[in-house]
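Just so we're clear, the structure is a prediction, and the values are computed from it rather than from any experiment. Note on naming: letters A, B, ... go to the chains in the order of the sequence lines (proteins, then strands), and numbering restarts at 1 for each one. Note that these values count all heavy atoms, side chains included, but never hydrogens, waters or copies made by symmetry.
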Amino acid sequence: MFLVRKLTARNPTGNVRFFCAPPSSTPSPNYNTTNNTTTTNNKLFVGGLSWGVDEKSLTEAFSSFGNVTEVRIIYDKDSGRSRGFGFVHFSTNNDARSAKDAMDGKAFLGRPLRISFALEKVRGGPVVVPRLSNVTDVSRRNN
DNA sequence: GATGAGCGG
């Protein structure tokens, strides 16, 4: 006598089904999931500048696409010349995005512009220091 | 006197 035991454990559809993690969208409001670039800020990083570009020329170049609140070109602290990149602040991120979409890759004073949304780096910004003394405070709060 | 991807005066 043979006890043939069917060990084929499969669902009614006949296909072995693997349960993976559901594709959850990354809930990060500060980052765009399509390109992993920040779109919430209205600060633009403008790179690829020519060596002789100053702030007023950039202001006149970007004021046509929105309200430019601040333009800052990073100069070298020693030689005083331009380091080839700067930052353009707009009043709203819609203007910043339209200006980036209009001026990115465009040539300006002989060099093509490399525009992208600026990082959250602010001089003297909110540097989060991990205070480990809070851990002891939490443990001591339990009395 | 120069340089050419990047993220700040």
Side-chain angles (χ1 to χ4, degrees), chain A residues 4-143:
Chain A
V4 179
R5 200 188 182 95
K6 289 188 178 179
L7 295 176
T8 57
R10 55 179 69 178
N11 11 15
T13 58
N15 293 326
V16 180
R17 198 172 286 227
F18 291 147
F19 294 97
C20 301
S24 62
S25 61
T26 53
S28 58
N30 287 332
Y31 280 88
N32 186 6
T33 57
T34 59
N35 203 7
N36 201 12
T37 54
T38 59
T39 55
T40 55
N41 51 0
N42 46 347
K43 293 180 283 291
L44 250 52
F45 169 79
V46 182
L49 292 175
S50 181
W51 311 114
V53 177
D54 50 351
E55 285 137 0
K56 63 175 179 352
S57 57
L58 259 191
T59 310
E60 294 181 4
F62 279 89
S63 58
S64 305
F65 305 100
N67 294 50
V68 177
T69 58
E70 182 175 352
V71 173
R72 174 149 68 196
I73 291 184
I74 309 305
Y75 294 97
D76 189 69
K77 289 182 284 291
D78 297 327
S79 61
R81 282 174 294 182
S82 172
R83 282 165 65 177
F85 67 95
F87 294 93
V88 177
H89 297 267
F90 283 91
S91 57
T92 168
N93 51 10
N94 187 18
D95 295 337
R97 193 177 310 181
S98 60
K100 169 177 175 287
D101 184 71
M103 293 290 288
D104 191 17
K106 296 295 183 59
F108 186 70
L109 265 65
R111 299 292 295 189
L113 262 52
R114 299 174 54 93
I115 305 177
S116 62
F117 286 96
L119 303 177
E120 294 294 331
K121 282 188 180 177
V122 178
R123 183 169 49 89
V127 179
V128 180
V129 286
R131 43 184 69 185
L132 297 177
S133 58
N134 276 354
V135 180
T136 56
D137 283 342
V138 171
S139 63
R140 284 195 292 139
R141 242 198 297 182
N142 193 6
N143 49 359

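The distance between atom CZ of A:Phe117 and atom P of B:dG6, rounded to the nearest whole Å, is 19 Å. Remark: C1' of B:dA5 and CG of A:Leu49 are 13 Å apart, rounded to the nearest angstrom. Counting to the nearest Å, the P atom of B:dG9 and the CG atom of A:Leu58 are 16 Å from each other.
Residue pairs meeting the side chain to side chain donor-acceptor pair (under 3.5 Å) criterion with at least one member in residues 53-65 of chain A, sequence neighbours excluded, are A:Asp54-A:Lys56, A:Asp54-A:Ser57.
The base of B:dG8 lies close enough to the side chain of A:Arg72 for a donor and an acceptor atom to sit less than 3.5 Å apart.
Between A:Phe45 and A:Phe117, the ring centre distance reaches or exceeds 6.0 Å.
Not a single side chain to side chain contact (heavy atoms under 4.5 Å, CB included) links A:Asp101 to another residue, sequence neighbours left out.
Considering all non-hydrogen atoms of both residues, A:Phe90 and A:Asp95 come closest at CD2-CB, 3.7 Å.
Nearest-nucleotide assignment on DNA chain B puts the 5′-proximal partner with A:Arg111, out of A:Arg111 and A:His89.
In this structure, A:Trp51 forms an aromatic stack with the base of B:dT3, since both conditions hold: centre separation below 5.5 Å and plane angle below 30°.
Here the side chain of A:Asp76 pairs no donor or acceptor atom with the backbone of A:Arg81 at under 3.5 angstrom. At least one donor-acceptor pair closer than 3.5 Å links the side chain of A:Thr69 to the backbone N or O of A:His89.
Residues from residues 73-88 of chain A lying near DNA chain B, meaning a heavy-atom separation below 4.0 Å, are A:Ile73, A:Ile74, A:Tyr75, A:Lys77, A:Arg81, A:Arg83, A:Gly84, A:Phe85, A:Phe87 in numerical order.
Ranking B:dG6, B:dG4, B:dG8 by closeness to the A:Arg114 side chain, first place goes to B:dG6.
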